[in-house]
Number of protein chains: 2
Amino acid sequence: MGLTEHEHADWGARATEALAGAGYRRGGARAALIALLDEQRCALSATELEQALRTRGGRGVARASIYRILDELEALRMVTRVEVGQGLARFEAAREEGHHHHMVCDACGQVIPFEDPELERAIRRLAQRVTFAVAEHDVVLHGACADCRQAEAARDEPRRPRTAPAPTAAT
Amino acid sequence: MGLTEHEHADWGARATEALAGAGYRRGGARAALIALLDEQRCALSATELEQALRTRGGRGVARASIYRILDELEALRMVTRVEVGQGLARFEAAREEGHHHHMVCDACGQVIPFEDPELERAIRRLAQRVTFAVAEHDVVLHGACADCRQAEAARDEPRRPRTAPAPTAAT
DNA sequence: TTACTTGCAAAGTATTTGCACCGCC
DNA sequence: GGCGGTGCAAATACTTTGCAAGTAA
């Protein structure tokens with residue numbers, strides 16, 4: 001659901017290659033982190049990456065190393081840093097094929113990816129019009145996910161007796 | 001250049017009113033912070049706000065108070081929190097009339113505001129299409145500002161003798 | 001006078017840095 | 001075997017929280 005086996009292998013290989021090309025040696029921590037990032041379908045925070053690495057049996061990687069490696073990969077443009085306003089940074093593999101943005105539920109904190117060609121087009125056009133040299137772009141939508149939206153509705157409704165159809169003021 | 005006197009007074013008044021309406025008393029720190037935010041034309045970080053308040057004679061406001069007041073104003077939707085990926089949060093008055101987004105120069109850190117109707121339209125259309133309830137949205141463009149772009153070019157060029165027009169390899 | 005507001009200082013959390021040891025080449 | 005890679009722990013930076021004193025209503 002989302003990425004194919006091929007795309008997975010592809011990014012991991014390209015990332016490894018990019019590191020080698022930049023003169024980095026190949027270390028266990030790097031390999032483990034790249035493998036993990038390759039499996040993800042959306043951005044994870046440094047802490048989540050650390051826990052995932054510790055859990056998944058393979059090998060634990062120190063937080064400092066995670067940050068260092070993410071920096072290297074970001075500099076090589078193989079990883080994208082995503083800030084969604086929760087006071088922490090999230091990271092994800094920079095795949096050409098799966099370019100997307102994020103919706104953040106301010107109630108439960110969930111981060112949901114989405115794609116939108118029209119949005120991309122608008123940004124591309126904008127980039128051509130300004131003197132600023134646009135290299136990357138991020139779009140973050142804040143609000144309530146379907147679940148939390150329902151929860152909110154359920155929390156607001158109760159005060160209305162189920163008999164009266166609630167004269168919803170269309171403010 | 002940007003906002004008119006009227007719009008300034010307008011936001012400050014609305015913010016003050018919003019606080020009062022939410023049951024908050026009127027305190028000196030709140031008034032000072034609102035006045036400062038009202039003068040700004042783009043987002044400032046908590047630290048910048050603190051320094052500005054200390055400098056501009058009027059009255060200093062403790063950092064903790066700044067964060068607290070910004071939280072209140074954000075909850076009332078009178079202030080927008082902007083995260084541009086520099087490890088700190090920026091805040092600005094939420095004006096209906098001056099809705100804009102930000103370009104961040106990754107070289108010098110400068111944050112530049114811009115507006116784009118087409119982009120807004122794309123986001124509005126997108127919001128209608130998804131189950132997620134979109135309340136706010138942020139667009140951040142990363143890259144190099146005009147100045148830094150030139151600086152980069154100047155730094156890369158020197159190896160080319162000024163006589164030869166540099167046969168820019170189109171990779 | 002009562003309760004909210006503010007400042008100061010301490011606590012937290014995310015990220016970075018220094019340094020010694022380990023492993024790739 | 002040397003040079004980078006990695007882990008651990010300490011240091012930073014930003015933000016939040018606790019509490020006592022100030023102040024609006």
Side-chain angles (χ1 to χ4, degrees), chain A residues 15-37 43-54 58-76 79-91 104 106 109 111, chain B residues 15-36 43-54 58-76 79-91 106 109 111:
Chain A
T16 305
E17 192 183 327
L19 283 176
Y24 291 108
R25 284 186 188 168
R26 97 178 358 205
R30 286 193 182 119
L33 183 52
I34 288 178
L36 175 61
L37 285 170
L44 293 186
S45 67
T47 311
E48 289 168 343
L49 288 170
E50 185 186 16
Q51 294 185 326
L53 285 167
R54 183 154 305 156
R59 138 171 213 168
V61 175
R63 218 173 319 148
S65 298
I66 292 179
Y67 281 112
R68 269 184 299 234
I69 297 168
L70 286 172
D71 272 353
E72 297 163 2
L73 289 170
E74 194 190 357
L76 294 171
V79 153
T80 305
R81 173 187 303 245
V82 182
E83 306 251 354
V84 294
Q86 297 170 148
L88 52 77
R90 289 173 175 280
F91 304 83
V104 182
D106 294 323
V111 178
Chain B
T16 305
E17 193 183 327
L19 284 175
Y24 291 108
R25 286 185 186 170
R26 99 179 353 204
R30 286 194 182 118
L33 183 53
I34 288 178
L36 176 61
L44 294 186
S45 68
T47 311
E48 289 168 342
L49 289 170
E50 185 187 16
Q51 295 185 325
L53 285 167
R54 184 154 305 157
R59 137 170 214 168
V61 175
R63 218 173 315 150
S65 298
I66 292 179
Y67 280 113
R68 270 185 298 233
I69 297 169
L70 287 172
D71 271 353
E72 297 163 1
L73 288 171
E74 195 190 358
L76 294 170
V79 153
T80 305
R81 175 187 302 246
V82 182
E83 308 251 352
V84 294
Q86 297 170 148
L88 52 76
R90 288 173 176 280
F91 305 84
D106 294 322
V111 178

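Both backbone and side-chain heavy atoms feed into the values below; hydrogens, waters and symmetry mates do not. Quick caveat: nothing in here was measured; it's all calculated off a predicted structure. In what follows, chains carry the letters A, B, and so on, assigned in the order in which the sequence lines appear, proteins first and then strands, with residues in each chain numbered from 1.
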Would you give the length of the straight line joining atom CZ of B:R30 to atom OH of B:Y24, rounded to the nearest 0.5 angstrom?
7.0 Å
Which pair of heavy atoms, one from A:A89 and one from A:R81, lies closest together, and at what distance?
CB-NH1, 4.0 Å
Rounded distance [0.5 Å steps], CZ in A:R68 versus CG in A:L33
12.5 Å
How long is the straight-line distance from CD1 of A:I34 back to CG of A:L19, given to the nearest 0.5 Å?
5.0 Å
State, yes or no, whether a side-chain contact exists between B:L70 and B:L49 at a heavy-atom distance under 4.5 Å.
yes
Any ion pair linking B:E50 and B:R54 (charged N to carboxylate O, less than 4.0 Å)?
yes
Just jot down the side chain to side chain donor-acceptor pair (under 3.5 Å) partners of A:E83, sequence neighbours excluded, or say none.
none
Taking atom C1' of D:dA25 as reference, at what distance in whole Å does atom CZ of B:R30 sit?
14 Å
Nearest heavy atom decides the nucleotide; on that basis, is B:R26 or A:R26 closer to the 5' end of DNA chain D?
A:R26
In whole angstrom, give the distance that lies between atom CZ of A:R54 and atom P of D:dT6.
16 Å
Please state how far atom CZ in B:R81 lies from atom P in D:dT15, giving the value in whole angstrom units.
8 Å
When the nearest nucleotide of DNA chain D is assigned to B:R63 and to A:G60 on a heavy-atom basis, which residue is associated with the more 5' position?
A:G60
Show each protein N/O and nucleotides 17-22 of chain D N/O combination with a separation under 3.5 Å, one pair to a line.
from	atom 1	to	atom 2	distance (Å)
D:dG18	O6	B:R68	NH1	3.4

What range of DNA chain C does chain B touch, first nucleotide to last, counting atoms under 4.0 Å from its heavy atoms?
C:dA3 to C:dA9
Quick one: A:L88 CG to D:dT16 C1', roughly how many Å, whole number?
15 Å
Do A:L37 and A:L73 have side chains that approach each other closer than 4.5 Å (heavy atoms only, starting at C-beta)?
yes
Whole-Å gap separating P (D:dG5) and CG (A:L19):
9 Å
List the atom of A:V61, the atom of A:A29, and the distance in Å for their closest heavy-atom pair.
CG1-CB, 3.9 Å
Whole-Å distance separating the CD atom of B:Q86 from the C1' atom of D:dT15
17 Å
How many Å lie between CZ on A:R59 and P on D:dT6, as a whole number?
7 Å
